[in-house]
Amino acid sequence: MTLLFKCDHTDIEPWLAALGAHLPGREIRIYPEVGAREDIDYALVYAPPPGLLASLPNLKAIFSLWAGVDHLRSDPELPAAPVIRMVERSMTASMTAHVVQQVLDLHTQALDYRAQQAARIWRQRDLKAPWERRVGLLGLGTLGGDAAEKLAALRFDVAGWSRSPKEMSGMVCYHGEDGLTDFLARTDILVCLLPMTEATRGILDRALFARLPRGAALVNCARGGHLVEDDLLAALDEGQISAAALDVFGEEPLPADHPFWGHPRVVVTPHIAAFSVPDTAIESVAANIRRMEAGEEPLHVVDFERGY
Ligand code: NAP
């Protein structure tokens, strides 16, 4: 078995160490040293140059080094081999920790207390128990599902919204366009963990904010393209949205003159909600390769028709 590796990391050593540890005895070729193209069975890549993957005649699967596959979708010659997105336990755990932190900060009015501290104001604001706070997750997949479970374990009143119907213990599940209105109407803190597709691009817009209870808060850690940024600024000005915690943006890095930077009701983090760790990422890739070698279907294959 030969695997071609192309990454965007400057420090490649931990990735090579993890490949050696989880795929012992296998040949690893590091782009651009491709060698004989017919030898390559698997590609583990970020942003391969268009046509590179199509030039590998015996490719069995393409593993994305990132959770999103936008960097592969843009290749007009993407071959027919299954594209497998990065699903790995470090990424899931870090996203859940980030979402729980943002929800707890919004629940406990951390922005208000920081402002009060800066002004030396001792004022106890209204307190709510977690079960009096309705948290809604747009997207109940690998990341949204895990965050929803952990928020439910903290006793928040959790609901989720997905494309297909679901049943998850400890929360109410809505689906499809029909379920969206009821889901939004019962959501105080809205968390977006949707994939970027034609159906979800720009979903966080003025019309959606208007369907939330007045003063609801937003957490977006999916993709910048989900949010219409000017609509959020208007909704914040009008008080329809009371606060937002944003990890992803239409333009990254966020331009220095962007109004989000200085907005008193916006928390900006620089796209750090979740990240892959070499050891657990390669552990996941190796497990999928072993499945394929045992004749089983790989896990986490992207359905390009569905869009994710
Ligand atoms: P996933 O496993 O594919 O789950 C996607 C979820 O969204 C599923 O529940 C799916 O419904 C639902 N969904 C998709 N299209 C929908 C639609 N049109 N209407 C309603 N629900 C829809 O995705 P994931 O791995 O959890 O990733 C979620 C997001 O996190 C992605 O945007 C990814 O790029 C982002 N991400 C961000 C960071 C960061 O650092 N900020 C890091 C990693 C990932 P079904 O269950 O019915 O299929």
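Residue numbers count from 1 along this sequence. Each ligand, and each atom within it, is numbered from 1 in the order the structure gives.
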*E251 versus H258, side-chain donor and acceptor atoms under 3.5 Å*: no

- prompt: Does even one non-hydrogen atom of H175 get within less than 4.0 Å of ligand 1?
  reply: no

Requested in this report: Decide whether an N or O pair under 3.5 Å exists between M91 and ligand 1.
Outcome: no

So the atoms of ligand 1 within less than 4.0 Å of a heavy atom of H271 turn out to be 39 (C), 40 (O), 41 (N)

Checking heavy atoms under 4.0 Å, the part of A67 that sits near ligand 1 is side chain

The answer for which part of L194 has a heavy atom under 4.0 Å from ligand 1 is both

Just checking, is any N or O donor in the side chain of T200 or R223 under 3.5 Å from an acceptor N or O on the other one? no

Hey, is CD on E167 packed in by over 12 heavy atoms from elsewhere, all under 6.0 Å? no

**Asked** Can a non-hydrogen atom of K166 be found less than 4.0 Å from any atom of ligand 1?
**Response** yes

Requested in this report: Taking the side chain as every heavy atom from C-beta outward, state whether L3 and I40 have any atom pair closer than 4.5 Å.
Outcome: no

Closest heavy-atom pair, Q240 versus F209, reported as atoms and distance to 0.1 Å, is NE2-O, 2.8 Å

Please determine if H226 has a nitrogen or oxygen closer than 3.5 Å to a nitrogen or oxygen of ligand 1.
no

In this structure, atom 9 (O) of ligand 1 is nearest to the protein heavy atom L140 N, 2.9 Å

Among non-hydrogen protein atoms, atom 48 (O) of ligand 1 lies closest to Y308 OH, 2.5 Å

- Is there a heavy atom of T197 sitting under 4.0 angstrom from any atom of ligand 1? no

| task | Look only at interatomic distance and state if M95 has a nitrogen or oxygen under 3.5 Å from any nitrogen or oxygen of ligand 1. | result | no

Within the 4.0 Å heavy-atom cut-off, what A199 brings close to ligand 1 is side chain

- For K128, does its backbone N or O pair with a side-chain atom of H107 as donor and acceptor, under 3.5 Å? yes

G139 heavy atoms within 4.0 Å reach ligand 1 at atoms 6 (C), 7 (O), 9 (O)

No-hydrogen, no-angle side-chain donor-acceptor test under 3.5 Å, D146 and T96
yes

With respect to V248, determine whether any N or O atom, backbone or side chain, lies less than 3.5 Å from an N or O atom of ligand 1. no

